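Values in this document were obtained by computation on a predicted structure and should not be read as measured data. Every chain is numbered from 1 and lettered A, B, ... according to where its sequence line falls, protein lines coming before strand lines.
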There are 2 protein chains.
Amino acid sequence: MNETPRPMRRNEIRAMNETLILQAAEKVFAEAGFGGATMQLIADVAGLPKANLHYYFATKEELYRRVVGNIFEIWLHAADSMDGAETPAEGIGAYIDAKMDISRRHPDGSKVWASEVMHGAPVIQDYLETTLRDWTAGRAALIQRWIDEGRMAPVDPQHLLYMLWATTQHYADFGHQIETLNGGKPLSEAQWNAAKASVKQIILRGIGVL
Amino acid sequence: MNETPRPMRRNEIRAMNETLILQAAEKVFAEAGFGGATMQLIADVAGLPKANLHYYFATKEELYRRVVGNIFEIWLHAADSMDGAETPAEGIGAYIDAKMDISRRHPDGSKVWASEVMHGAPVIQDYLETTLRDWTAGRAALIQRWIDEGRMAPVDPQHLLYMLWATTQHYADFGHQIETLNGGKPLSEAQWNAAKASVKQIILRGIGVL
DNA sequence: TCTCTTCCTGACCGTATGGTCAGATTGCAG
DNA sequence: CTGCAATCTGACCATACGGTCAGGAAGAGA
């Protein structure tokens with residue numbers, strides 16, 4: 001029953017508690033939505049008194065904003081895998097892999113993001129209109145270049161991107177449905193690989209690079 | 001300023017008000033989520049006093065359950081288009097058309113459904129485990145039959161279904177994102193047709209029937 | 001017309017929520 | 001060791017929420 005006597009540094013305390021709160025918040029927001037989530041529940045999950053949450057994050061909305069921002073960063077960086085690619089098959093295949101991994105490893109964050117967009121993006125509309133718009137334009141141009149060079153079938157780049165987002169994100173957002181249809185059990189390692197293979201197979205053949 | 005003097009029949013009153021409330025509820029639940037929606041706001045949108053809502057629907061959860069049930073019916077019936085098909089291309093193409101039309105015509109309902117599943121299906125878990133499971137098994141078997149007959153490429157039927165759901169539903173659930181990336185304007189008639197065509201093109205080629 | 005049932009609604013209630021604050025505790029610089 | 005600033009938290013507050021209810025208004029059947 002001896003307690004760790006080591007005193008904590010100020011920096012450590014702040015970093016640790018912020019992380020603790022953000023993790024708890026992500027989970028609770030994912031499960032209950034912004035409106036359904038309560039600061040009390042987040043505090044309980046984080047193992048801190050509610051008043052302590054308000055010490056680190058002034059309002060519920062500020063905390064929520066941070067959670068959404070975090071997942072948005074992860075989401076955006078998945079595109080790096082698409083850039084260095086030699087071929088369309090390689091680039092888009094890697095992007096699918098990356099986004100499927102996000103769905104698997106950050107299901108809560110994915111749900112929070114989906115929920116935010118679904119409700120009209122009340123707090124991250126500016127992101128959509130700047131960062132995301134630029135990002136999308138860039139990738140659409142890259143895909144269009146591939147098409148112009150005759151390296152893949154002529155499809156609408158925008159709708160291809162939507163399909164990639166939708167399909168990969170589905171495994172996080174509708175994970176509960178998938179789990180139910182899987183006999184109530186989460187997908188196994190092998191099943192995740194099969195899912196990735198299926199998605200890549202259909203889409204890559206669909207754009208004529210298989 | 002003359003008011004319509006015709007007295008309303010009992011049946012009419014009930015049917016009209018229930019419809020009015022359900023429509024308002026669908027909209028509000030879609031915009032705010034279950035937790036974020038308030039009976040007061042639904043009442044305002046419906047143009048009725050809040051107490052009147054509780055006369056027709058005892059609790060918020062009962063009202064929500066009805067909204068979810070309604071969209072689930074529509075969602076399930078979209079599969080009828082898949083059944084009478086002569087070829088896989090025809091059947092799956094028609095299913096994509098039907099589900100894209102649902103996304104377009106019932107975006108609010110689609111969002112409510114997505115939100116419900118995303119949050120672990122707290123009120124319609126039984127549907128998932130019975131109706132949806134049977135439905136899915138049936139369609140997967142149909143697709144598998146097509147594959148066995150060599151009429152389409154050998155893909156995992158389950159993951160193909162997920163891709164169909166994800167891609168079509170995306171145009172409703174992430175409609176705000178799509179709208180933002182479309183310069184802030186909703187998709188036009190022509191753009192919706194282009195979207196349908198793109199989705200069908202990629203998927204149908206992806207399963208080797210184009 | 002009269003009676004019964006359905007429909008309607010303003011006022012009200014208990015509770016839970018987001019947020020505040022004064023004061024205790026604790027790491028840290030000098 | 002001392003003083004300061006950062007961290008912590010139980011108690012508290014105003015508000016908004018879901019839901020109730022008594023009593024009035026209005027069709028329906030005789």
TODO: Please report the shortest heavy-atom distance between A:S103 and A:W192, naming the atom on each side.
DONE: C-CH2, 4.2 Å
Open item on the list: With a sphere of 6.0 Å drawn around NZ of B:K27, does it hold more than 12 non-hydrogen atoms of other residues, nucleotides or ligands?
Closed with: no
Once you round it to whole Å, what is the distance between [atom2] of [N] and [atom1] of [X]?
| X | N | atom1 | atom2 | value |
| --- | --- | --- | --- | --- |
| B:N11 | C:dT6 | CG | P | 12 Å |
| A:M39 | C:dT20 | CE | C1' | 13 Å |
| A:M16 | D:dT7 | CE | P | 14 Å |
| A:N52 | D:dT7 | CG | C1' | 7 Å |
| A:D44 | C:dT17 | CG | C1' | 13 Å |
| B:I21 | C:dT9 | CD1 | P | 11 Å |
| B:I13 | C:dC8 | CD1 | C1' | 10 Å |
| A:L48 | D:dC8 | CG | C1' | 10 Å |

- [ ] State whether A:E26 and A:R66 are salt-bridged, where the test is any N-O pair (Lys NZ or Arg NE/NH1/NH2 against Asp/Glu carboxylate O) under 4.0 Å.
- [x] no
TODO: For the pair B:D44 and B:K50, find out whether any cationic side-chain nitrogen is under 4.0 Å from an anionic carboxylate oxygen.
DONE: no
Check this one for me: any side-chain N or O of [X] less than 4.0 Å away from OP1 or OP2 of [N]?
| X | N | value |
| --- | --- | --- |
| A:R14 | D:dT7 | yes |
| A:Y55 | D:dC8 | no |
| A:N17 | D:dC8 | yes |

- [ ] Would you jot down, in residue-number order, the residues of residues 57-66 of chain B having a non-hydrogen atom under 4.0 Å from DNA chain D?
- [x] B:T59, B:K60
- [ ] Would you please classify the geometry between the B:Y127 ring and the B:F72 ring as parallel, tilted or perpendicular, with 30° and 60° separating the classes?
- [x] perpendicular
TODO: Could you tell me how the ring of A:F34 sits relative to the ring of A:F29: parallel (under 30°), tilted (30 to 60°) or perpendicular (over 60°)?
DONE: parallel
Open item on the list: For A:G35 and A:A51, find the nucleotide of DNA chain C closest to each by heavy atoms; which residue's nucleotide sits nearer the 5' end?
Closed with: A:G35
TODO: Under 4.0 Å between any heavy atoms, over every strand shown, what does A:A43 touch: base, sugar-phosphate, or nothing? Just pick one.
DONE: nothing
Open item on the list: So does A:I102 get a backbone contact from the side chain of A:H106, meaning a donor-acceptor N/O pair under 3.5 Å?
Closed with: no
Task: Candidate list A:N17, A:N70, A:I42, test side chain to side chain contact (heavy atoms under 4.5 Å, CB included), partner A:L22, passing option - done: A:N70
Open item on the list: According to salt bridge (Lys or Arg N to Asp or Glu O under 4.0 Å), who are the partners of B:R133, at least two apart in sequence or on a separate chain?
Closed with: none
Open item on the list: Let's see if you can work this out: which of C:dG19, D:dG18, C:dT5 has an atom nearest to the side-chain heavy atoms of A:H54?
Closed with: C:dG19
Open item on the list: The side chain of B:R10 is closest to which nucleotide in this list: D:dG19, D:dC17, D:dA26?
Closed with: D:dA26
Open item on the list: Report for the helix from C:dT1-D:dA30 to C:dG30-D:dC1: angle between first-end and last-end helix axes, five pairs each, rounded to 10 degrees.
Closed with: 20°
Open item on the list: Using 0.5 Å steps for rounding, measure from the NZ atom of A:K60 to the OG1 atom of A:T38.
Closed with: 7.5 Å
